Protein chains: 2
Amino acid sequence: MSHAPVPGPVDESVGYLLKKAHSALRSAMDHALRPLDLTVPQYACLEVLRQRPGLSGSELARAVFVTRQSMHLVLKGLERRGLLTRPAVAAYGKALPTELTAAGRKQLAAANRAVGAVERKMLAALTPTAERRLARDLTACAAALGDVPSEDEAEDRVER
Amino acid sequence: MSHAPVPGPVDESVGYLLKKAHSALRSAMDHALRPLDLTVPQYACLEVLRQRPGLSGSELARAVFVTRQSMHLVLKGLERRGLLTRPAVAAYGKALPTELTAAGRKQLAAANRAVGAVERKMLAALTPTAERRLARDLTACAAALGDVPSEDEAEDRVER
DNA sequence: TGACTCATGTCAGCAGTTTGACACACGTCG
DNA sequence: CGACGTGTGTCAAACTGCTGACATGAGTCA
């Protein structure tokens, strides 16, 4: 048989392995961050904000691959905990530039230690060369799928 | 400064790229499966079942990286739609061996065509060699993190 | 100027998933 | 035999993230 669309064993499919690896990483990060009372999206938000201060909620959402509505809740929570601040009213437009507070930076540093350990554990099986290769291949895969995972998506190019 | 745990830009981190690639894939699969009225977990469940008929709900859950409670709902839905069957009462123990119906196989074949197209699109940027390499590296990463993402997790007991 | 478009913040409702709990059905010991 | 531990199915509550919707501020263009 084997006409065409019968895929091989799932455990050989890149898609499946991608899901598996992501699931394992997510779980490990969750575990590592629990003592700090941070979820993965919260951590990701803080880290992106450290690298790119002043981002708006929508921009953060895109960087972390969630909707801006979800990010809105994350931001409200983190703001209430005093880990970040943003103006009550926009100086220009509607975007509210967000920044870490001292407490936020402190919490983030601890989180980075925990997450760093997880990532090192994950990459322990890879050589530095293999790691760079993996990073490049993953980037290529994401790019091939068109990036821009959420919202918009207005391009559903028919024809062709 | 720069003592130690300050990570580089997120877009160079394998963890971040893993998340990005997974997000893109998930989104693309979701999109491709929507016309068939299947979610990604539902599809994954069917496909695993095709390759390993007779699996129980709990086993399926582990294979698809969700809790057995979530899988329970997925199975109930798919069973109600007549895509799979399982005995009302267990022949042995409590596990209910699940199998695809003819309708399930038909629906799955269509889904595999859609998903196959997505995966091919994703891997278009990679050579066959790079694809195998990527699969191997992802497997190594998952293994290094200890697999077994959900439930159990009874390790790291403090043992007092 | 006004209409149109785009991006943002925010609220409300909904779907999917997880956590927690309970009841069975074995197998293994003591 | 009976206690225990493991694996399983199932229900209920809680949580998380998403879709849908609305209003606002800023550019663009006729």
Side-chain angles (χ1 to χ4, degrees), chain A residues 19 22-23 26-27 29-31 33-34 37-45 54-80 84-98 148-155, chain B residues 19 22-23 26-27 29-31 33-34 37-45 54-81 84-98 148-155 157:
Chain A
K19 187 152 112 182
H22 177 263
S23 169
R26 169 80 184 223
S27 173
M29 284 181 66
D30 230 34
H31 204 72
L33 290 172
R34 206 181 318 272
D37 202 37
L38 285 177
T39 65
V40 171
Q42 286 171 338
Y43 161 73
C45 174
L55 249 50
S56 72
S58 292
E59 290 170 317
L60 278 168
R62 281 190 291 271
V64 180
F65 312 113
V66 297
T67 61
R68 65 178 192 276
Q69 292 90 330
S70 295
M71 181 54 69
H72 178 62
L73 295 180
V74 171
L75 288 176
K76 277 214 302 191
L78 293 176
E79 187 176 17
R80 186 166 36 76
L84 53 81
T85 45
R86 52 185 193 158
V89 54
Y92 182 84
K94 285 199 73 180
L96 303 177
T98 313
V148 198
S150 61
E151 203 122 52
D152 144 313
E153 210 67 66
E155 45 76 27
Chain B
K19 186 152 114 182
H22 176 264
S23 170
R26 169 81 184 220
S27 174
M29 284 180 66
D30 231 33
H31 203 72
L33 290 172
R34 207 181 318 272
D37 202 37
L38 285 177
T39 65
V40 172
Q42 285 172 339
Y43 161 73
C45 174
L55 249 50
S56 73
S58 292
E59 290 171 316
L60 278 168
R62 281 191 291 271
V64 179
F65 313 113
V66 297
T67 61
R68 66 177 190 277
Q69 292 90 331
S70 295
M71 181 53 68
H72 178 62
L73 295 179
V74 170
L75 288 176
K76 277 215 300 192
L78 293 177
E79 188 176 16
R80 186 166 37 74
R81 282 164 64 182
L84 53 81
T85 46
R86 51 185 194 157
V89 54
Y92 182 84
K94 285 200 75 179
L96 303 178
T98 313
V148 197
S150 62
E151 202 125 50
D152 157 290
E153 214 64 68
E155 29 117 358
R157 235 44 277 209

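Quick caveat: nothing in here was measured; it's all calculated off a predicted structure. Letters A, B, ... mirror the listed sequences (proteins, then strands); counts begin at 1.
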Out of dT10(D), dT10(C), dT18(C), whichever nucleotide has its closest atom nearest the side chain of Ser70(B):
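Comparing dT10(D), dT10(C), dT18(C) against the side chain of Ser70(B), the answer is dT18(C).
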As a test of reading the structure: which of dG9(C), dC18(D), dT8(D) is closest to the side chain of Ser58(B), going by heavy atoms?
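Of the options given, the side chain of Ser58(B) lies nearest dT8(D).
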Please report, rounded to the nearest Å, how far the [atom2] atom of [N] is from the [atom1] atom of [X].
X	N	atom1	atom2	value
Glu79(B)	dG9(D)	CD	C1'	12 Å
Lys76(B)	dA15(C)	NZ	P	15 Å
Tyr43(A)	dT16(D)	OH	P	20 Å
Leu60(A)	dG17(D)	CG	C1'	17 Å
Arg62(A)	dC6(C)	CZ	C1'	11 Å
Arg26(A)	dT18(C)	CZ	P	10 Å
Gln42(B)	dG16(C)	CD	P	8 Å
Arg68(A)	dC6(C)	CZ	P	14 Å

How is Leu73(A) classified with respect to the nucleic acid when contacts are heavy atoms under 4.0 Å: base, sugar-phosphate, or nothing?
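Nothing, no heavy atom under 4.0 Å.
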Could you check whether Ser56(B) gets within reach of a base, just the sugar-phosphate, or nothing at all, counting any heavy atom under 4.0 Å?
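The residue Ser56(B) makes sugar-phosphate contact but no base contact.
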Who are the side chain to side chain donor-acceptor pair (under 3.5 Å) partners of Thr85(B), not counting sequence neighbours?
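For Thr85(B) there are no side chain to side chain donor-acceptor pair (under 3.5 Å) partners, ignoring immediate neighbours.
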Which residues share a salt bridge (charged side-chain N to carboxylate O under 4.0 Å, His left out) with Arg34(B), sequence neighbours left out
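For Arg34(B) there are no salt bridge (charged side-chain N to carboxylate O under 4.0 Å, His left out) partners, ignoring immediate neighbours.
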Are [X] and [N] close enough that a side-chain N or O sits under 4.0 Å from OP1 or OP2?
X	N	answer
Arg86(A)	dT10(C)	yes
His72(B)	dG9(D)	no
Thr67(B)	dT18(C)	yes

I need the minimum non-hydrogen distance between Ala95(B) and Pro97(B), along with the two atoms involved.
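Smallest heavy-atom distance, with atoms named: O-CD, 3.3 Å.
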Listed partners of Glu59(B) passing side chain to side chain contact (heavy atoms under 4.5 Å, CB included), at least two apart:
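Scan of Glu59(B) (side chain to side chain contact (heavy atoms under 4.5 Å, CB included), adjacent residues dropped) gives Leu55(B), Ser56(B), Arg62(B).
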Could you work out, with side chain to side chain contact (heavy atoms under 4.5 Å, CB included) as the rule, every residue matching Lys76(B), not counting sequence neighbours?
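Side chain to side chain contact (heavy atoms under 4.5 Å, CB included) list for Lys76(B), sorted by chain: His72(B), Leu73(B).
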On DNA chain C, check which nucleotide each of Asp30(A) and Pro97(A) is closest to and give me the residue with the more 5' one.
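Closest to the 5' end, via its nearest nucleotide, is Pro97(A).
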Of Leu96(A) and Arg34(A), whose nearest nucleotide on DNA chain C comes first from the 5' end?
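Result: Leu96(A).
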Quick one: pull up [atom1] in [X] and [atom2] in [Y] and give me the separation to the nearest 0.5 Å.
X	Y	atom1	atom2	answer
Met71(A)	Thr98(A)	CE	OG1	9.0 Å
Arg86(A)	Leu60(A)	CZ	CG	9.0 Å
Leu38(A)	Leu78(A)	CG	CG	7.0 Å

List every contact pair, protein side and nucleotides 12-14 of chain C side both N or O, where the distance is under 3.5 Å.
none

Side-chain contact test, heavy atoms from C-beta onward, threshold under 4.5 Å: evaluate it for Ser70(A) versus Pro41(A) and give yes or no.
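Side-chain contact under 4.5 Å: no.
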Can you check side chain to side chain contact (heavy atoms under 4.5 Å, CB included) on Gln42(B) and Leu33(B), steps first, answer last?
CA-CA 10 Å; Gln42(B) 285 172 339; Leu33(B) 290 172; over 6 Å; no
What N/O pairs connect the protein and nucleotides 24-26 of chain D at under 3.5 Å? Give each pair on its own line.
from, atom 1, to, atom 2, distance (Å)
dA26(D), OP1, Gly93(A), N, 3.2
dA26(D), O3', Tyr92(A), OH, 2.6

